[in-house]
Amino acid sequence: MRPRRAKVGASRSNKAIFVDRDGVLNDLVYNEEEGRVLSPFSARETRVFPFVAGAVRALRDELGFKVIVISNQPGVSKKQFTLKELEKMNSKIRRELAKGGTRLDGEYYCLHHPEAIIKKYKVVCDCRKPKAGLLLRAAAENGLDLKKSYFVGDGLIDVEAGRRAGCRTILVGHMSTFITDLMEKENVTPDFMVSSFKDVPALLRTLDS
Ligand SMILES: [Mg+2]
Ligand SMILES: [Zn+2]
């Protein structure tokens with residue numbers, strides 16, 4: 001079914017949905033060496049969730065938000081993968097969106113890490129989440145009103161970064177005891193919680209009306 005709402009279009013909008021990448025647009029990967037789930041280290045491991053294009057299309061065409069990726073990618077600095085491989089992962093996401101008839105309005109990555117192996121990335125920067133640097137840069141470069149924007153992420157660092165930038169925040173995940181304990185311990189609480197990125201358009205429709 002086509003949405004009844006008229007297309008408002010994202011390109012000239014001053015509000016954005018900022019999205020974290022790993023765990024929101026693509027699945028996390030079980031890493032045997034580490035014994036836990038991590039961000040993918042290769043394009044081959046990058047599995048874009050099947051609902052992502054539909055959700056991005058609704059956010060842009062129906063609800064009139066720009067959609068901008070905000071992601072920490074310290075893997076290059078730790079030699080877990082190359083810059084070229086990171087670009088391949090990101091191209092794969094872009095390709096999936098194009099197949100679904102939509103696109104991102106921007107992508108911002110922090111490549112730094114205080115414990116980087118590659119020297120040029122070994123800095124304490126102002127863009128690594130939970131710092132707000134990437135959001136502030138994205139807002140300045142795209143003419144965005146942060147108060148009208150939302151940050152969607154699956155980590156409390158995303159909630160923290162969004163809050164520091166003055167956005168509203170949406171945490172992707174399940175209200176487990178683990179996450180509620182962590183919220184309390186870190187004193188970081190999102191404005192909204194959804195179980196998956198695909199639920200974000202429906203949430204925003206209810207706030208909009
Ligand atoms: Mg994440
Ligand atoms: Zn950085």
Side-chain angles (χ1 to χ4, degrees), residues 16-29 31 36-49 51-53 55-56 59-60 65-97 102-116 118 120-142 144 146 149-165 167 169-173 188 190 194 196-198 200:
I17 303 297
F18 298 112
V19 282
D20 171 40
R21 200 195 78 173
D22 302 318
V24 178
L25 301 183
N26 54 272
D27 209 352
L28 301 174
V29 182
N31 185 299
R36 60 195 177 108
V37 287
L38 298 174
S39 298
F41 285 5
S42 68
R44 193 178 49 80
E45 282 181 344
T46 305
R47 289 194 304 112
V48 182
F49 289 122
F51 49 76
V52 166
V56 170
L59 293 171
R60 297 185 79 251
F65 286 94
K66 284 179 176 158
V67 177
I68 296 177
V69 169
I70 301 286
S71 172
N72 288 350
Q73 291 295 335
V76 176
S77 82
K78 296 178 185 175
K79 295 197 170 178
Q80 289 163 332
F81 46 83
T82 61
L83 198 54
K84 199 172 157 199
E85 194 64 36
L86 175 61
E87 183 45 43
K88 273 165 112 179
M89 294 186 226
N90 298 336
S91 306
K92 192 169 181 178
I93 296 169
R94 282 178 222 131
R95 241 182 358 258
E96 290 301 315
L97 292 173
T102 191
R103 65 178 181 88
L104 297 167
D105 294 278
E107 296 170 58
Y108 292 82
Y109 300 99
C110 167
L111 301 181
H112 311 115
H113 196 277
E115 259 111 61
I118 300 176
K120 69 168 170 179
Y121 298 122
K122 191 174 158 71
V123 287
V124 178
C125 62
D126 65 0
C127 54
R128 182 171 162 76
K129 297 178 291 186
K131 291 185 180 166
L134 291 183
L135 291 163
L136 300 178
R137 211 172 93 208
E141 290 180 4
N142 296 278
L144 300 170
L146 287 160
S149 302
Y150 294 80
F151 192 4
V152 184
D154 68 337
L156 288 187
I157 58 162
D158 302 315
V159 175
E160 178 74 47
R163 203 168 65 172
R164 286 183 187 182
C167 304
T169 57
I170 303 173
L171 182 64
V172 171
V188 176
V194 292
S196 141
F197 180 57
K198 73 166 177 289
V200 173

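These numbers were taken from a predicted model, which means no experiment stands behind them.
- Judged by distance alone, with hydrogens and angles left aside, the side-chain atoms of Asn90 form no donor-acceptor pair with the main-chain N or O of Glu87 at under 3.5 Å.
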Please determine whether side-chain contact (heavy atoms from CB on, under 4.5 Å) holds for the pair Phe151 and Asp20, giving the CA-CA distance in whole Å, both sets of side-chain angles, and the decisive distance to 0.1 Å. CA-CA 8 Å; Phe151 192 4; Asp20 171 40; 4.3 Å; yes
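- Under the 30°/60° scheme for interplanar angles, the aromatic rings of Phe41 and Phe81 are found to be tilted.
- Note that the NE2 atom of His112 and the NZ atom of Lys120 stand 9.5 Å from one another [nearest 0.5 Å].
- Between the side chain of Lys122 and the backbone N or O of Pro114, at least one donor-acceptor pair lies under 3.5 Å.
- The shortest non-hydrogen separation linking Pro74 to His113 is CB-CD2, 3.7 Å.
- Of all the heavy atoms in Ala138 and Ile70, the pair that sits closest is CB-CD1, 4.1 Å.
- For the atom pair SG (Cys127) and CG (Leu134), the distance works out to 5.0 Å, reported to the nearest 0.5 Å.
- Closest approach of Leu144 and Ala16 over heavy atoms only: CD1-CB, 3.7 Å.
- Annotation: Lys92, atom NZ; neighbour count of heavy atoms from other residues, nucleotides and ligands within 6.0 Å is above 12.
- Two residues are said to be in side-chain contact when any heavy atoms from C-beta on lie closer than 4.5 Å; Leu146 and Leu136 meet this criterion.
- Annotation: side chain of Ser149 is not in contact with side chain of Lys66 (no heavy-atom distance under 4.5 Å).
- Taking all atoms of both residues into account, the shortest heavy-atom contact from Val159 to Leu171 is CG2-CD1, 4.0 Å.
- Side-chain atoms of Asn72 come within 3.5 Å of backbone N or O of Lys129 as a donor-acceptor pair.
- With contacts defined as side-chain heavy-atom distances shorter than 4.5 Å, the pair Cys125/Lys131 does not qualify.
- At least one side-chain heavy atom of Asp22 sits less than 4.5 Å from a side-chain heavy atom of Leu28.
- In this structure, CD on Glu45 lies 9.0 Å from CG on Leu38, to the nearest 0.5 angstrom.
- Note that CZ of Phe18 is 5.0 Å distant from SG of Cys167, once rounded to the nearest 0.5 Å.
- Residues satisfying the side-chain contact (heavy atoms from CB on, under 4.5 Å) test with Ser71, not counting sequence neighbours, are Arg21, Val69, Gln73, Tyr109.
- Between Asp105 and Asn142 there is no side-chain heavy-atom pair separated by less than 4.5 Å.
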Where do Val172 and Val152 land on the side-chain contact (heavy atoms from CB on, under 4.5 Å) test, with the steps shown first? CA-CA 7 Å; Val172 171; Val152 184; 3.5 Å; yes
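- Between Leu97 and Val52, the closest side-chain pair of non-hydrogen atoms falls below 4.5 Å.
- The side chain to side chain contact (heavy atoms under 4.5 Å, CB included) with Phe197 is formed by just one residue from the set Ile170, Leu25, Asp154; it is Leu25.
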side-chain contact (heavy atoms from CB on, under 4.5 Å) evaluation trace for Leu135 with Ile68: CA-CA 9 Å; Leu135 291 163; Ile68 296 177; over 6 Å; no
Verdict with reasoning, Glu141 to Tyr108, per side-chain contact (heavy atoms from CB on, under 4.5 Å): CA-CA 11 Å; Glu141 290 180 4; Tyr108 292 82; 2.8 Å; yes
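- To the nearest 0.5 Å, the span separating NZ on Lys88 from CZ on Arg44 amounts to 10.5 Å.
- When side chains are defined from C-beta on, Leu111 counts as touching Leu83, because their heavy atoms get closer than 4.5 Å.
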